[in-house]
Every structure is written in C-alpha cells, then in structure tokens.
Amino acid sequence: MDRTSYTNLAKAWEFAEDHAFTLQPEALASARIQAEEAGFPQGSAAQAAWLAMLVKLTGATSVISVGTGSVVETLQLINGLGNAGQLTAVDSSAQGIALLRSLFGKMSDRTATRLRAVNAPAGVFLPRLNGADYDLIVVSGDVENYASTFEQAPRLLRGHGVVAFTDVFALETPTANGGLLNPADRGPKAVAMREFISLVESDEQFDSALTPTGTGLLVAVKR
C-alpha cells in the first residue's frame, strides 16, 4: 500500500474510536473516568465494544477476564453476556478489583449476570478453575497476565473456545516508546509481546489472527 492508504487507515482507526466513544452509555463513560482517576488507564472504546460483540458471536455464557484495572473491558463483557451467564474477573490489583465490584454493584439490579471477582495473580488463580468450563477468555493489563493465561487456556476452554489478548502492540504501558511499532522499544511489555505473538501463532492447539483493533488484538480459537 502507498502512503495515502496508510494515512486513510490511521484516519479510519480514529473515526471508529471516536464513534465508539459517542456510543458509550453514560454509566460506561463514567466508569472509564473513575478508573482513570484511580490510576488505571483504560483501553480503546472500539476494542471494548468489539469484545462485547465477540461474546455474542461466540454465544459465550462463561467468560474469564484477566486484567489490571481493566474496568471498561470487563463491563463490556458483562454487557455482551446479555443478562445471563457468569463472568470471572481476575485482577492482581486489589484497588482494581474493588473498583470493579463497586461499579458492578450499581448495575447488579439491572442484570442477572453473575460476577466472580478475584484479587489474585492469573498464574495463581487460573490453575484452580475447572477445566473445559469456559467459552471465552480476555486478557489485558500487566505483561505477566499473558503467558500465564495462555498456558492455562487449552485446559480451561471448551472446544472451539476463544482467547483474546488486548494491547499486544504494547502501547498502553506508561513507559511505552512506540511498542511493537518501534523496533527500538525494548521495554518489558514490548519485548514480551514480540515473543508472545510468535508463541501463540505457533501453537498447534489454536488457530489465531492478529488485528489492529484497539492497540493490537490477538485472537486465538481452540481447535
């Protein structure tokens, strides 16, 4: 593609993001503000909306969200469950999980979706869960969340279950210097994501695709 094509793609990303922001319900916009004021940067609005759609596309009823104060994504997954099912939120940050519980409490009278919110590292908690019991896993936040969750994904997911990893371009970390878009960025998450993408794509238990949604969305389907 020529330079004009790449410029148009960048404008298209901006348009989609702005459009998603305008469509956010007031409660979700307020949750984003609260999370960011608490020190938890929130990801792309368009990406969060796509994750809610992914719940619907897969027909998921049992979802795991692994993050670090990833409030907006988690609430959108709950919206995607459509007043049913269960979401298990795993967050190594006590403040992040407390905020999620508080925000879910305000919507609990409007949804029958069950929330299990756990303050623990993914590598500690996920091995305790029953195998072949989940339809969808979404991973974001600290770099430690990614490999430890993918290690458990083949066991946790049902047949044709999906695991999605956000921010695989490593652009959301405070110390990011261009992430994967800049070969000179040797930050911990950028280095880890370069290796991690190859790990997922080479795993014969999954079919995967890398997309530019949000700040890089890697989606893998269990064979």
- Query: Can you name the closest pair of heavy atoms from N177 and D185 and give their distance?
  - Reply: N-OD2, 2.7 Å
- Side-chain heavy atoms of V66 within contact of V138, under 4.5 Å: no
- Item | Step-by-step side chain to side chain contact (heavy atoms under 4.5 Å, CB included) determination, F165 to L217 | CA-CA 6 Å; F165 302 93; L217 183 65; 6.0 Å; no
- Query: Which pair of heavy atoms, one from A20 and one from A45, lies closest together, and at what distance?
  - Reply: CB-C, 3.7 Å
- Does any non-hydrogen side-chain atom of S92 lie less than 4.5 Å from one of D142? yes
- N8 and S5: side chain donor to acceptor below 3.5 Å: no
- Query: Is there a donor-acceptor pair closer than 3.5 Å between any side-chain N or O of W13 and the backbone N or O of G214?
  - Reply: yes
- Backbone of G131 reached by a side-chain donor or acceptor of R158 within 3.5 Å: no
- Side-chain donor-acceptor contact under 3.5 Å, E73 with Q47: yes
- Q42 (side chain) donor-acceptor with V72 (main chain) under 3.5 angstrom: yes
- Task: Establish whether F196 and L181 are linked, either directly or via other cluster members, by ILVMFWY side-chain heavy-atom contacts under 4.5 Å.
- Result: yes
- Any side-chain heavy-atom pair of I197 and L180 under 4.5 Å: yes
- Query: Tell me, do T88 and S65 make a side-chain contact under 4.5 Å, heavy atoms counted?
  - Reply: no
- Intermediate values then yes/no, side chain to side chain contact (heavy atoms under 4.5 Å, CB included), I137 and V63: CA-CA 6 Å; I137 304 171; V63 177; over 6 Å; no
- Message: Taking atom CD as the centre, does E14 end up with more than 12 heavy-atom neighbours from other residues, nucleotides or ligands that are less than 6.0 angstrom away?
- Response: no
- Task: Measure the CZ-OG distance between F40 and S70 for me, rounded to the nearest 0.5 Å.
- Result: 9.0 Å
- Query: Taking the side chain from T58 and the backbone from L54, do they hold a donor-acceptor pair closer than 3.5 Å?
  - Reply: yes
- Item | Close side-chain approach of P127 and Q152, heavy atoms under 4.5 Å | yes
- Task: Would you check if M107 and N79 make a side-chain contact, meaning some heavy-atom pair closer than 4.5 Å?
- Result: yes
- Task: Determine, using the 4.5 Å side-chain heavy-atom cutoff (strictly less than), whether F15 and W50 are members of one ILVMFWY cluster.
- Result: no
- Just by modelled atom types, is the G43 backbone N or O under 3.5 Å from a matching donor or acceptor in the R32 side chain? yes
- Message: Checking side-chain polar atoms at under 3.5 Å, does D167 have a donor or acceptor matched by the opposite partner on S140?
- Response: no
- Query: Closest approach of L115 and A89, non-hydrogen atoms and distance?
  - Reply: CD1-CB, 4.2 Å
- Message: Main chain of L157, side chain of K222: is a donor-acceptor contact present, judged purely on distance under 3.5 Å?
- Response: yes
- Value rounded to 0.5 Å, distance of CZ in F169 from CZ in R194: 12.0 Å
- Task: Determine whether F104 and I97 fall in the same hydrophobic cluster, where Ile, Leu, Val, Met, Phe, Trp and Tyr are linked whenever their side-chain heavy atoms lie under 4.5 Å apart.
- Result: yes
- Going hydrophobic residue to hydrophobic residue with side-chain gaps under 4.5 angstrom, can you get from L75 over to M53? yes
- Query: Hey, what do you get for CG (L81) to OG1 (T111), rounding to the nearest 0.5 Å?
  - Reply: 8.0 Å
- Of all heavy-atom pairs between G141 and T68, which one has the smallest distance, and what is that distance? CA-OG1, 3.7 Å
- Message: Between R223 (side chain only) and E204 (backbone N and O only), is there a donor and an acceptor less than 3.5 Å apart?
- Response: yes
- Item | Whether S202 side chain and S198 backbone form a donor-acceptor pair below 3.5 Å | yes
- Paired with F150, the side chain to side chain contact (heavy atoms under 4.5 Å, CB included) test is passed by just one of V139, L218, V200, namely V200
- Query: Under 4.5 Å between any side-chain heavy atoms of T74 and L87, yes or no?
  - Reply: yes
- Query: In the single-linkage hydrophobic clustering (I, L, V, M, F, W, Y; side-chain heavy atoms under 4.5 Å), do V219 and L199 co-cluster?
  - Reply: no
- Message: Any side-chain to backbone donor/acceptor pair from E17 onto A12? Under 3.5 Å, distance only.
- Response: no
- Over all heavy atoms of both residues, which pair between A192 and V143 is shortest? Give the atoms and the distance, please. CB-CG2, 3.2 Å
- Note on the structure: Taken to the nearest 0.5 Å, the spacing of Q86 CD from D135 CG works out to 11.5 Å
- Query: If every non-hydrogen atom of R155 is compared with every non-hydrogen atom of N130, which pair is closest and at what distance?
  - Reply: NH1-C, 3.9 Å
- Could you tell me whether a side-chain N or O of D91 sits under 3.5 Å from a main-chain N or O of N119, the two making a donor and an acceptor? no
- Message: With a 4.5 Å cut-off on side-chain heavy atoms, are I64 and L156 touching?
- Response: yes
- Decide yes or no on side chain to side chain contact (heavy atoms under 4.5 Å, CB included) for Y134 and L129, but give the supporting numbers first. CA-CA 10 Å; Y134 299 89; L129 297 176; 3.6 Å; yes
- Residue pair V71, L103: steps toward the side chain to side chain contact (heavy atoms under 4.5 Å, CB included) verdict: CA-CA 9 Å; V71 171; L103 291 168; 3.3 Å; yes
- Item | Matching residue for Y146 among E195, E151, K189 - test: side-chain hydrogen bond (donor to acceptor under 3.5 Å, both in side chains) | K189
- Note on the structure: dist L136:CG -> T61:OG1 (nearest 0.5 Å) comes out at 10.5 Å
- Task: To the nearest 0.5 Å, tell me how far L51 CG sits from L57 CG.
- Result: 11.0 Å
